[in-house]
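A short write-up of the structure that comes next.
The figures that follow rest on heavy atoms only: side chains count, while hydrogens, waters and symmetry mates do not.
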Amino acid sequence: HITLIGHSLGGAFAISFAANYPEHVKKLILVDSEGIPDKRNFSVVVLNWLKDSIFFHGAAKAKENVRAIFRILQNFPYYFSTARFAINIDVRKDALKIKTPTLILWGEKDKVVPVESAKEINRLIKGSKLVILEGMDHDWLIHNPQELWANIEK
């Protein structure tokens, strides 16, 4: 048995895996997960992610952010198509099947996947626990991994 952690699009894949192979998953942890389609404008989502990546974490993370953006620009068609897929994926039917203990961690200031998605996933996965992290954005676990561990250990 494994503890399965999924962030963003990886969260949607984790939901699907936990729903279809429950015998392998002892705990599911979702972090700012995709999977609830909505009316988000794709270009606004990408712009918000770029703004958060460049400006939200300040100078301390500037070098890391520049490297990430450079990687994206080097293979832009791949990242573009993956992002478009991510905002349209729908895991609601799979979420309803999950019986595995589930922790949902979400950045309060996530501009990529809205907090409303967290609330919907929480509603769909019976018995799940939702924790909204004050002041955190979509990629908070990259910049603040201690928050991830602190919440997992509770």
* Would you call E116 and K119 a salt bridge, taking side-chain N to carboxylate O under 4.0 Å as the test? -> no

For the residue pair [X] and [Y], establish whether any side-chain heavy-atom pair is separated by less than 4.5 Å.
| X | Y | value |
| --- | --- | --- |
| K99 | P22 | no |
| H24 | F17 | yes |
| T82 | R84 | no |

Approximate separation, where rounding is to 0.5 Å, of [X] [atom1] and [Y] [atom2]:
| X | Y | atom1 | atom2 | result |
| --- | --- | --- | --- | --- |
| I142 | L148 | CD1 | CG | 11.0 Å |
| N151 | K129 | CG | NZ | 7.5 Å |
| D32 | W140 | CG | CH2 | 7.0 Å |
| L124 | L96 | CG | CG | 5.0 Å |
| I104 | E120 | CD1 | CD | 10.5 Å |
| I152 | I5 | CD1 | CD1 | 4.0 Å |

* To do: Verify the neighbour count for atom CZ of F80: are there more than 12 heavy atoms of other residues, nucleotides or ligands below 6.0 Å?
  => yes

* Asked: For E134, does the CD atom sit with more than 12 other heavy atoms under 6.0 Å from it, leaving out its own atoms?
  ->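 It does not: E134 CD has 12 such atoms or fewer within range.
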
Under 3.5 Å, is there a donor-acceptor pair between the side chain of [X] and the main chain of [Y]?
| X | Y | answer |
| --- | --- | --- |
| S33 | L30 | no |
| E108 | I132 | no |
| S117 | V113 | no |

* Please name the residue in the list V31, N122, I121 that meets the side chain to side chain contact (heavy atoms under 4.5 Å, CB included) test with W106. =>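 Passing option: I121.
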
* Given the rule in the side-chain hydrogen bond (donor to acceptor under 3.5 Å, both in side chains) test, do H138 and S8 qualify, once you have shown the distances and angles that lead to the verdict? -> CA-CA 8 Å; H138 183 70; S8 199; 2.9 Å; yes

